[in-house]
Amino acid sequence: MTAKLVVGLDGHASGERALAHAQHLSKLIGECELIVAYIVEWSPFSFQTAEENAERHKRREEEIATAMERIIAPAVTKIKAAGLRASGTVRHGAVADTLNDISQEHGADQIIVARSSEGGFAQRLFGSATSNLVMSASVPVTVVS
């Protein structure tokens, strides 16, 4: 049976620390797959006009493509170069809920995130998102300092 670890990245050094820890755990576990994820926080509000909705959809797709190219693809390449199994995803949504959703979809055994960073995902995660993730996740959560 393959263990699966979801790793929340933020595009900063803190995300690299979370990724390094996940790679270390993967080597200790043996048969393991890392699922690296980047979450773009997304407002749940909808817009009134078709033009506003079209622009919002276009912006969403651009953000996903950019994060995949700049953050997820290099991380997956790095993991695979180390001889480990990896896949990646970029999603829009609330950080804690979306990471938990990803872990459930993949049947993950654990979620690994960083505690703090210069900004972005992990900085947001340090506050209520970290608490929400730790308290509500369906699998254990490791917070790397």
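Counting begins at 1 with the first residue of the sequence.
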[X] and [Y]: which non-hydrogen atoms are nearest, and at how many Å?
X      : Y      : answer
Ala75  : Leu9   : CB-CD1, 3.7 Å
Ser103 : Val139 : OG-CG2, 4.0 Å
Ile111 : Ala137 : CD1-CB, 4.3 Å
Ile39  : Gly93  : CG2-O, 3.6 Å
Gln23  : Ala82  : NE2-CB, 3.9 Å

Separation between [atom1] of [X] and [atom2] of [Y], rounded to the nearest 0.5 Å:
X      : Y      : atom1 : atom2 : result
Leu84  : Ile29  : CG    : CD1   : 10.5 Å
Asn132 : Leu99  : CG    : CG    : 11.5 Å
Glu16  : Asp10  : CD    : CG    : 8.5 Å
Thr66  : Glu62  : OG1   : CD    : 7.0 Å
Leu25  : Thr142 : CG    : OG1   : 6.5 Å
Ile72  : Tyr38  : CD1   : OH    : 9.0 Å

Would a distance-only check, ignoring hydrogens and angles, find a side-chain to backbone donor-acceptor pair under 3.5 Å from [X] to [Y]?
X      : Y      : answer
Ser26  : Ala22  : no
Arg60  : His92  : no
Lys4   : Cys32  : no
Asn100 : Ser138 : yes
Gln104 : Asp101 : no
Asp109 : Leu5   : no

_What verdict does the side-chain hydrogen bond (donor to acceptor under 3.5 Å, both in side chains) test give for Glu52 and Thr49, after you've listed the backbone C-alpha separation in whole Å, the side-chain angles of each residue and the deciding distance to 0.1 Å?_
CA-CA 5 Å; Glu52 289 173 323; Thr49 69; 3.2 Å; yes

*Between Arg56 and Glu61, is there a salt bridge with N-O shorter than 4.0 Å?*
no

*asked:* Would Arg91 and Glu41 count as a salt bridge (Lys or Arg N to Asp or Glu O under 4.0 Å) here? Give the steps.
replied: CA-CA 8 Å; Arg91 302 268 181 94; Glu41 284 192 298; over 6 Å; no

*Arg70 CZ: over 12 foreign heavy atoms closer than 6.0 Å*: no

*Can you list the steps and then say if Gln110 with Val141 is a side chain to side chain contact (heavy atoms under 4.5 Å, CB included)?*
CA-CA 6 Å; Gln110 186 176 60; Val141 176; over 6 Å; no

*Taking side chain as C-beta onward, heavy atoms only, is Ile102 less than 4.5 Å from Thr89?*
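Answer yes - side chains close enough.
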
*Using a 4.5 Å cut-off on heavy atoms from C-beta on, say whether the side chain of Val36 contacts that of Ile79.*
yes

*Can you name the one residue among Leu34, Thr2, Ile35 that meets side chain to side chain contact (heavy atoms under 4.5 Å, CB included) with Arg85?*
Thr2

*asked:* Evaluate Val113 against Val144 for side chain to side chain contact (heavy atoms under 4.5 Å, CB included), listing each step before the verdict.
replied: CA-CA 6 Å; Val113 294; Val144 178; over 6 Å; no

